[in-house]
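To start, the structure itself, in structure tokens.
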Amino acid sequence: MAMVGERVRVDQSFKSKTSIVDIHILVVDDDATSLAIVSAMLRTLKYEVVTVRNPMDALATLRMQKFDLVVTDLHMPVMNGLELQKEVEEEFKLPVIMMSADDDESVILRSLECGVAFYIVKPVSPKDLKNVWQYAVAAKRGKFIAIEEIKNIPAESSVVSFEDQKSAASSVCQEKRSKKDSKRKGAPKMGKEDENEMNQGVPKRAKLVWTNSLHCRFLEAINHIGLDKAVPKTILEIMNVWGLTRGNVASHLQVLYSLN
DNA sequence: CGCATAATAT
DNA sequence: GATATTATGC
């Protein structure tokens, strides 16, 4: 017996001090323990959290109250997380983050391809959840563009931008931006900025940032060509991202291997 | 020489 | 800690 949408803890009095921006998250998990743990973590991270124990209640709750993000378990009776995701996308256009103890890469890949924003392997750690707000704001403004900081670039070049996941392979000239995107990532804590360096001669190339969508594309490329033939050059070709270099891919591939 | 991978460096 | 750069070997 699950109540639909248990109390909403609103603490409007003081927010935005420590909180990112009052992001409302719906957590759905049939396992009460897991539900409690995850929701507690999220609340600690200053998110506004509502919990439900099955996908149907989730949909009902979503209809009653506005949310920014759904975090759901994958394995659930009657309707699993992926089916829920489908519904959520259709009806609410909200990003869905999947949680599961299943760390099988093919399962992860499949989820990602189904439109899941992010996949977290249980047990969930606070670190996994810390930055989930990004998905919410990304969805709010349509597409998310991840960029790099430029230190000192005279002409064009060197900025690697990336469109969102499911956009196709065509390379550069896709214009679709509309709002003014701030260059800096709106990270919770940012310290001082602006540092001048004596810099003459050749501008340094900006460091590539492996955004989630870029990483997903990376994974999909590997999946597409098979792990055995997944070498930097091939991956690079399949990914087909402007400005991305073989060295970038090699470096990233190395970290991927290191955490196995 | 081009490339992949391992080992460092930033 | 993430990404770049260099070193080594094929």
Side-chain angles (χ1 to χ4, degrees), chain A residues 18 20 41-42 44-46 97 103 105 108-109 112 117-138 144-165 169 171-172 181-260:
Chain A
T18 45
I20 321 288
M41 283 179 179
L42 287 170
T44 300
L45 292 166
K46 306 298 181 189
I97 292 181
D103 66 345
E105 184 146 330
I108 299 178
L109 263 300
L112 258 19
F118 190 50
Y119 189 102
I120 300 174
V121 177
K122 288 182 177 184
V124 179
S125 88
K127 188 190 160 194
D128 299 323
L129 298 172
K130 188 173 171 189
N131 291 319
V132 296
W133 63 270
Q134 291 185 5
Y135 297 97
V137 316
F144 188 49
I145 311 294
I147 306 311
E148 188 14 40
E149 295 204 12
I150 320 167
K151 264 255 166 95
N152 206 348
I153 310 298
E156 10 106 37
S157 86
S158 199
V159 181
V160 176
S161 73
F162 186 65
E163 356 162 15
D164 200 47
Q165 277 168 302
S171 43
V172 206
D181 265 346
S182 54
K183 304 187 249 170
R184 321 255 183 230
K185 312 265 230 163
K189 30 156 80 161
M190 12 171 142
K192 49 237 276 33
E193 257 283 325
D194 215 337
E195 203 167 89
N196 264 333
E197 199 154 76
M198 42 164 158
N199 202 342
Q200 67 163 32
V202 196
K204 256 173 74 173
R205 190 184 172 82
K207 266 214 259 191
L208 174 70
V209 171
W210 284 93
T211 63
N212 302 291
S213 51
L214 191 54
H215 179 69
C216 285
R217 198 173 177 116
F218 170 81
L219 289 179
E220 284 178 24
I222 292 178
N223 186 54
H224 182 260
I225 62 193
L227 197 53
D228 43 337
K229 308 213 137 108
V231 294
K233 191 185 182 188
T234 328
I235 298 172
L236 181 64
E237 283 163 1
I238 299 297
M239 287 181 70
N240 190 31
V241 174
W242 183 84
L244 194 67
T245 170
R246 186 163 54 90
N248 294 139
V249 176
S251 180
H252 194 58
L253 193 60
Q254 195 168 352
V255 333
L256 184 68
Y257 287 149
S258 74
L259 44 78
N260 280 343

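First the proteins, then the strands, lettered A, B, ... as listed; each starts at 1.
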Self-check item: Residues in side-chain hydrogen bond (donor to acceptor under 3.5 Å, both in side chains) contact with A/Ser125, at least two apart in sequence or another chain
Solution: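 Expected list: A/Asp128.
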Enumerate all atom pairs, one protein N or O and one N or O from nucleotides 6-10 of chain C, separated by less than 3.5 Å.
none

Atom [atom1] of [X] and atom [atom2] of [N]: how far apart are they, to the nearest Å?
{"X": "A/His252", "N": "B/dA6", "atom1": "NE2", "atom2": "C1'", "result": "18 Å"}
{"X": "A/Arg246", "N": "B/dA6", "atom1": "CZ", "atom2": "C1'", "result": "15 Å"}
{"X": "A/Leu208", "N": "B/dT10", "atom1": "CG", "atom2": "C1'", "result": "16 Å"}
{"X": "A/Leu236", "N": "B/dT5", "atom1": "CG", "atom2": "C1'", "result": "16 Å"}
{"X": "A/Lys207", "N": "B/dT10", "atom1": "NZ", "atom2": "C1'", "result": "7 Å"}

Practice problem: List the atom of A/Thr234, the atom of A/Lys229, and the distance in Å for their closest heavy-atom pair. | Solution: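 Heavy atoms only, the tightest pair is OG1-O, 3.8 Å.
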Quiz prompt | Worked verdict on A/Leu208 versus A/Thr245 for side chain to side chain contact (heavy atoms under 4.5 Å, CB included) | solution = CA-CA 10 Å; A/Leu208 174 70; A/Thr245 170; over 6 Å; no
Practice problem: Return the set of residues passing side-chain contact (heavy atoms from CB on, under 4.5 Å) with A/Ser251 (not counting sequence neighbours), or none when no residue passes. | Solution: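 Listed in chain order: nothing, the list is empty.
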Practice problem: Please name all residues satisfying side-chain contact (heavy atoms from CB on, under 4.5 Å) with A/Leu253, sequence neighbours left out, ordered by chain then number. | Solution: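 Residues passing side-chain contact (heavy atoms from CB on, under 4.5 Å) with A/Leu253: A/Phe218, A/Ile222, A/Pro232, A/Ile235, A/Leu256, A/Tyr257.
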Any protein N or O atoms within reach of nucleotides 7-9 of chain B? Criterion: under 3.5 Å, listing atom names and distances.
residue	atom	partner	partner atom	Å
B/dA7	N7	A/Gln254	NE2	2.8
B/dA7	N6	A/Gln254	OE1	2.9

Quiz item: In terms of side-chain heavy atoms of A/Ala250, which of B/dT5, B/dC3, C/dA4 is nearest?
Solution: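 Comparing B/dT5, B/dC3, C/dA4 against the side chain of A/Ala250, the answer is B/dT5.
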Quiz item: Any idea which of B/dT5, B/dC3, C/dT3 is nearest the A/Leu253 side chain?
Solution: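 Nearest nucleotide to the side chain: B/dT5.
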Exercise. Decide yes or no for A/Leu244 and A/Met239: does some side-chain heavy atom of the first lie under 4.5 Å from some side-chain heavy atom of the second?
Key: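 They are in side-chain contact.
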Quiz item: Taking OP1 and OP2 of B/dC3, is either one under 4.0 Å from a side-chain nitrogen or oxygen of A/Lys233?
Solution: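 So the side-chain polar atoms of A/Lys233 do come within 4.0 Å of the phosphate oxygens OP1 or OP2 of B/dC3, strictly under.
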Quiz item: Think A/Asn248 has a side-chain N or O under 4.0 angstrom from the OP1 or OP2 of C/dA4?
Solution: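 For C/dA4, OP1 or OP2 has a side-chain N or O of A/Asn248 closer than 4.0 Å.
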Quiz prompt | NE2-CG distance between A/His252 and A/Leu236, expressed to the nearest 0.5 angstrom | solution =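 It comes to 13.0 Å.
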